[in-house]
S.K.: 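This is the structure I have questions about; it appears just below.
Computed from a predicted structure; not experimentally measured. Side chains included, hydrogens not; waters and symmetry mates left out as well; all remaining heavy atoms used.
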Amino acid sequence: MEKPQTPVRRPEPSRSPEPPDTLTIKPFRIGDTASVPTQAPERPPAHGPVRMQHKTHRRMVRGKLTPEARLDLHGMTIADAHPALVRFIAGAHDRGLRLVLVITGKGRAGEDVGPIPVRRGVLRQQVPGWLTAPPLGAMVLEIREAHQRHGGGGAYYVYLRRRR
């Protein structure tokens, strides 16, 4: 005797909620605050949490500590600067140095003639990322913009971890 066949149920297509109407313009009056979503600005290394002793950090950012070594990257290309930075930081860490100065320069103030703005100071933008990425990230404890007497916005203090 044959079993009665049960009807096969097909899943109903899922109904997603209606997409929000992004083209609707809300009324705006002069003096009102615009509700434009903004991106968080890229935070420079000077605004991160402090991971070293506060007293030493305070002395460092006030320019009271003298860097034990320095590297000047002025005039280098990215291809030349990155290996030089890796060698310098690794060598300083191996020698047991704690505070070093990396001079990037502020960048050349060229003419901005195009419609797309060009960032000034490529090395200045790249160096903090290089210092936090492997292999240097394991050696670096703190990165801060240097005090004016050591180069100001065109240089970084790099505080290295203790050698184990």
Side-chain angles (χ1 to χ4, degrees), residues 19-20 22 26 28 30-164:
T22 57
K26 296 177 182 177
F28 182 79
I30 295 177
D32 287 348
T33 304
S35 61
V36 178
T38 60
Q39 291 181 339
E42 190 175 305
R43 295 179 71 175
H47 292 80
V50 176
R51 293 178 289 182
M52 58 191 282
Q53 293 178 347
H54 286 280
K55 186 175 181 180
T56 308
H57 177 264
R58 191 176 328 115
R59 290 184 65 218
M60 180 181 73
V61 296
R62 290 181 180 176
K64 302 293 185 190
L65 293 179
T66 304
E68 300 169 289
R70 66 182 222 152
L71 172 67
D72 193 347
L73 300 175
H74 274 111
M76 290 189 185
T77 63
I78 290 179
D80 295 334
H82 187 256
L85 181 67
V86 171
R87 278 192 307 272
F88 173 72
I89 296 295
H93 186 258
D94 287 342
R95 291 188 317 227
L97 303 181
R98 295 304 302 273
L99 181 63
V100 296
L101 183 69
V102 177
I103 302 167
T104 60
K106 292 184 179 179
R108 191 177 296 158
E111 292 182 29
D112 192 13
V113 294
I116 300 173
V118 178
R119 262 191 166 166
R120 203 177 136 194
V122 175
L123 289 178
R124 184 177 171 204
Q125 303 294 326
Q126 292 290 323
V127 165
W130 293 342
L131 290 169
T132 56
L136 299 179
M139 295 177 236
V140 174
L141 181 64
E142 196 74 51
I143 307 163
R144 294 289 181 216
E145 190 173 285
H147 186 270
Q148 192 62 38
R149 74 175 57 137
H150 292 130
Y156 291 106
Y157 290 130
V158 181
Y159 200 77
L160 301 175
R161 295 181 189 274
R162 290 194 180 169
R163 197 171 54 155
R164 293 182 184 193

S.K.: Could you give the distance from CG (L85) to CG (D80), rounded to the nearest 0.5 Å?
M.R.: 12.5 Å
S.K.: Is there a side-chain contact (heavy atoms from CB on, under 4.5 Å) between I103 and L73 once you walk through the steps?
M.R.: CA-CA 6 Å; I103 302 167; L73 300 175; over 6 Å; no
S.K.: State whether the side chain of E142 and the backbone N or O of R51 hold a donor-acceptor pair below 3.5 Å, judged by distance alone.
M.R.: yes
S.K.: With side-chain contact (heavy atoms from CB on, under 4.5 Å) as the test, would you mind laying out the steps for E145 and R124 before giving the verdict?
M.R.: CA-CA 10 Å; E145 190 173 285; R124 184 177 171 204; 4.3 Å; yes
S.K.: Check whether the side chains of R144 and H57 place a donor and an acceptor atom closer than 3.5 Å, and report yes or no.
M.R.: yes
S.K.: Rounded to the nearest 0.5 Å, what's the gap from CG on L99 to CG on L65? Could you check?
M.R.: 6.0 Å
S.K.: Kindly compute the distance separating OH (Y159) from CE (M52), expressed to the nearest 0.5 Å.
M.R.: 4.5 Å
S.K.: Please give me the minimum heavy-atom distance between A84 and L71, naming the atom from each residue.
M.R.: O-CD2, 4.0 Å
S.K.: Going from CZ on R162 to NE2 on H93, what distance comes out if it is rounded to the nearest 0.5 angstrom?
M.R.: 11.0 Å
S.K.: Count the heavy atoms belonging to other residues, nucleotides or ligands that lie under 6.0 Å from CZ of R149, then report whether that count exceeds 12.
M.R.: yes
S.K.: Is there a donor-acceptor contact under 3.5 Å from the side chain of Y156 to the main chain of V100?
M.R.: no
S.K.: Hey, what do you get for CG (L136) to CZ (F88), rounding to the nearest 0.5 Å?
M.R.: 11.0 Å
S.K.: Heavy atoms only: give me the nearest Y157-A146 pair and the separation to one decimal.
M.R.: CE1-CA, 3.5 Å
S.K.: Please find the pair of heavy atoms, one from L123 and one from T104, that lie closest to each other, and give the distance.
M.R.: O-CG2, 4.1 Å
S.K.: Closer than 3.5 angstrom, by distance alone: can the side chain of R161 be matched with the main-chain N or O of M139 as a donor-acceptor pair?
M.R.: no
S.K.: Answer yes or no: does atom CD of Q53 have more than 12 heavy-atom neighbours from other residues, nucleotides or ligands under 6.0 Å?
M.R.: no
S.K.: Drop me the distance from W130's CH2 to I143's CD1, to the nearest 0.5 angstrom.
M.R.: 12.5 Å
S.K.: So which heavy atom on L141 is nearest to which on R98, and how close?
M.R.: CD2-NH2, 4.4 Å
S.K.: Any side-chain heavy atom of T132 within less than 4.5 Å of one from V140?
M.R.: no
